[in-house]
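A short write-up of the structure that comes next.
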Amino acid sequence: MPNHGKSREAKEIKRYRELVEAFQAQVRDGDFTPELLQKTAEILNTNPEYYTIWNHRRRIYVNEFNSIQHQYSECGLTAEHRDGQILDIIQLDLQFLLPLLMQFPKCYWIWNHRIWLLDQATSLLPAAKARPIWEEELRLAGKMLSRDNRNFHGWGYRRMIINSLESEALNGKSMAADELDYTKKMISTNLSNFSAWHNRTKLILRILDEKCADDDERKQMLDEELALIHKALCDPYDQSLWFYHQNLLCAFDPDQASETLAPRLTSAERLEYVFEELEFIKEMLDDVTDCKWIYQALIECRLLIAKIQHGMSKQDQEEVKAWLTELRKLDKLRDGRWVELGQKLGI
Amino acid sequence: MALVSGPGRGGVPAGRDPAQEPYLVTEKHVNYIKSLDTRKDELEYWLTEHLRLNGVYWGLTALHLLGQPDALPREDIIKYVMSCQSENGGFGAAPRHDAHMLSTVSAVQILATVDALDELESEGHGGRIKIGKYIAGLQNRETGTFAGDEWGETDTRFLYGAFNALSLLNLMYLIDVHKAVAHVQACRNFDGGYGVDPEAESHAGQAFTCVGALAIAGHLDLVDRDRLGAWLSERQLENGGLNGRPEKLEDVCYSWWVLSSLAMIDRLHWIDGKKLSAFILRCQDYEGGGISDRPGDMVDVFHTVFGLAGLSLLGFPGLVAVDPVYCMPKHIIQRCIQKSR
């Protein structure tokens, strides 16, 4: 059977190479016709990574858009018809891309091409006609993310769509609050979704800035987030959660606070918060003693307190030393890091 | 250099004493890479043409790290690279492919590696300056960012690529370094890591591109070394391999992105290098050569070079020293930078 397989592969190679050859010949002749478009589709269905083919596909469309525009300005095509034709082209191509995207969800070029088409809609059509296409795309992005909730491109793509939908060109307004709800929905189906937690960090900053939140409102948001993460931390082995917790702690760090959601806490407030965190995390040790993240967080809280208070008592130092000893037992992979930390602290 | 994967798979062969120290099958890797361009009877050879020039860079660098710099004929390499140049000065992935930042960077890296940057000055190629201008033309002068090509996709990968190639060409003055550095800063997250853009989550690949760009610009002072080092060190998993983001699978290519970043900020000792070496070695195809992303998967030249580069950074014996910023042999970077001075 292997020979049979080889000869079939040889045939496929021949077909593919002939297709590409024929395509390149037409490109050399500057023959950007609908027939060439068909060839790009055939090649891309076999090989969506072939970026030059995507470029040619766009060049063909640019030609078509120009010609429609020309008919409008010179040959009496109505605006209604012009928009209709442009919309048809864009929507047909978005449909063509859909099965490819399902098959190759990690192929950059497919996402790039979709965004290009959508951008064309924004620049060539009135907002009222372009906006629904973007809204449809947001639904698609949601679908893709529910299939694979950590897809890197998926999250980036969703942010791009939101940026456009918020833009003036599409008569948009901020959607940060809706997006924050979306991250909460994603977190509630899977707590360990670092992508969603990350998005929260950025969205909260925006929401607070957009409503010119005062210090009380900021504090309230901080309290809500701490409550949310405390609830989530019932699974202390999940590092996504601890990274989000660490994000929130930045508000209590004099060197980092200015960039956080609560930049103007007083030193006394910061201390109060960190002590609360310290107690909360210490309590976790009642149930779990073999989780390295707990010890890391405890040490971090202690160091933060020392930073705010400009020093650490002998007793606290002993406590840190004990945690570091536990940590070294549990986290052999990063022993070099913990040894260095011990040296730095002089313990 | 074809990107055809396999035919072999990474993994320790059955029957081998697991207690035996893992070793590097140097000769087999050399033969594996040399054989890649003979596999034209496989469809995948043709379907990966859009990565051909990157593939030459990966294969050539792997051979250099293995101490076999002459395993591929130099003249053929130069001829092939030059055949990929477009009229605009940039390079496509293969002849008749459009110019793109990523293949242009590979072209410059290859020519630098075989000490042939002077070829660019030969008739019809427009000189270093033409390539430099192509790359500089992809910078957005408002935001400092770089696009991958004329169609405008923006990513810190392209910014790093521009810095890499332009510094090798000694043409950094063509771009606004200050704005680009400010953009990199904006991509930093609270966890110390970097994203593809200012809103994106931290990713090990972006740690490499952003810290690499800062290293080239002489701005490592902007990195929060402890915080980034902490995030990077948490990428190591119990099996010794490294992942690219929290709660993801280990992969040999991340042994490079994470490890080189740790090296650039002097935190290489924050992970278990011995366990990582063993993990990479377990990803070798001990029979046919080549390295895979993780044991049991098909080998390919991409994971082969990054596996070898990782081993080199870890000081594995028998390998040529690699430069963590450029992923090229250290002595070649020293030669290029000296020349440019």
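Chain A is the first sequence line, chain B the second, and so forth, proteins listed ahead of strands; every chain is numbered from 1. These figures come from a predicted structure and were not determined experimentally.
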request  = Flag the pair B:Asp272 / A:Asp335 as yes when at least one side-chain heavy-atom distance between them is below 4.5 Å, and no otherwise.
outcome  = no
key: Carboxylate-amine/guanidinium contact B:Asp226 A:Lys344, below 4.0 Å   = yes
inquiry  = Show, in sequence, the C-alpha distance, side-chain angles and deciding distance for B:Glu238 and A:Lys332, and conclude whether the salt bridge (charged side-chain N to carboxylate O under 4.0 Å, His left out) test is met.
reply    = CA-CA 9 Å; B:Glu238 273 314 311; A:Lys332 298 250 186 283; over 6 Å; no
remark   = Heavy-atom closest pair (B:Gly92 atom, A:Tyr51 atom, distance to 0.1 Å) is CA-OH, 3.7 Å
query = Heavy-atom distance under 4.5 Å between the side chains of A:Thr260 and B:Phe190, does that happen here?
reply = yes
query = In terms of heavy-atom proximity below 4.5 Å to chain B, should A:Lys292 be classed as side chain, backbone, both, or neither?
reply = side chain
message = Less than 4.5 Å to any heavy atom of chain B: does that hold for the side chain of A:Asn163, its backbone, both, or neither?
response = side chain
task = Give, as side chain, backbone, both or neither, the part of A:Glu49 having an atom under 4.5 angstrom from any heavy atom of chain B.
result = both
task = Check each atom of B:Glu234 against the heavy atoms of chain A and say whether the ones under 4.5 Å are side chain, backbone, both or neither.
result = both
inquiry  = If we define contacts as heavy-atom pairs under 4.5 Å, which of A:Arg206, A:Arg17, A:Arg28 has the most with chain B?
reply    = A:Arg17
message = Less than 4.0 angstrom from a charged side-chain N to a carboxylate O is my criterion; do A:Arg59 and B:Glu150 meet it?
response = yes
query = Given that the side chain runs from C-beta out, which part of A:Asp255 has a heavy atom under 4.5 Å from chain B: side chain, backbone, both or neither?
reply = neither
query = Between B:Asp41 and A:Glu9, is a side chain to side chain contact (heavy atoms under 4.5 Å, CB included) present by the stated rule, with each step listed?
reply = CA-CA 8 Å; B:Asp41 58 343; A:Glu9 188 164 14; over 6 Å; no
query = Given a strict heavy-atom distance threshold of 4.5 Å, which part of A:Asn193 is in contact with chain B: side chain, backbone, both, or neither?
reply = neither
key: Contacting region of A:Asn55 [heavy-atom separation from chain B under 4.5 Å]   = both
key: Audit row: A:Arg158, B:Glu199, salt bridge (charged side-chain N to carboxylate O under 4.0 Å, His left out) steps and yes/no   = CA-CA 11 Å; A:Arg158 186 178 178 94; B:Glu199 288 179 66; over 6 Å; no
query = Hey, are B:Ser233 and A:Arg334 close enough side-chain-wise for a donor-acceptor pair under 3.5 Å?
reply = no
task = Salt-bridge test for B:Glu201 and A:Arg159: reply yes if a basic N is under 4.0 Å from a carboxylate O, no otherwise.
result = no
inquiry  = Counting only non-hydrogen atoms closer than 4.5 Å, does A:Gln239 touch chain B with its backbone (N, CA, C, O), its side chain (CB onward), both, or neither?
reply    = both
inquiry  = Between A:Trp338 and B:His269 (judged by ring centroids, cut-off 6.0 Å), do the two rings come close enough to count as a pair?
reply    = no
ask   = By a 4.5 Å heavy-atom criterion (distance strictly below it), what part of B:Glu247 contacts chain A: side chain, backbone, both, or neither?
value = both
remark   = Turns out that what part of B:Leu237 lies under 4.5 Å from chain A's heavy atoms comes down to backbone
key: Validation row: A:His198, B:Asn189 side chains within 4.5 angstrom (heavy atoms)   = yes
ask   = Less than 4.5 Å apart, any side-chain heavy atom of A:Gln256 and any of B:Asp224?
value = yes
ask   = Given A:Phe194 and B:Asp191, is the side chain to side chain contact (heavy atoms under 4.5 Å, CB included) satisfied, shown in steps?
value = CA-CA 12 Å; A:Phe194 184 69; B:Asp191 51 30; 3.6 Å; yes
Contact origin within A:Tyr16 toward chain B - heavy atom pairs under 4.5 Å = side chain
ask   = Measuring heavy-atom distances to chain B, does A:Trp109 have an atom under 4.5 Å in its side chain, in its backbone, in both, or in neither?
value = side chain
A:Trp293 versus chain B, the contacting section by heavy-atom distance below 4.5 Å = side chain
inquiry  = Between A:Tyr244 and chain B, with a heavy-atom cut-off of 4.5 Å, which part of the residue counts as in contact: side chain, backbone, both or neither?
reply    = neither
query = Is the closest side-chain heavy-atom distance between B:Trp151 and A:His113 below 4.5 Å?
reply = no
note = Whatever's closer than 4.5 Å to a heavy atom in chain A on B:Lys274 counts as neither
query = Is the cationic atom of B:Arg227 (NZ for Lys, CZ for Arg) positioned less than 6.0 Å from the six-membered ring centroid of A:Phe243 and within 45 degrees of its normal?
reply = no
request  = Heavy-atom distances under 4.5 Å only: say whether A:Gln296 touches chain B with side chain, backbone, both or neither.
outcome  = side chain
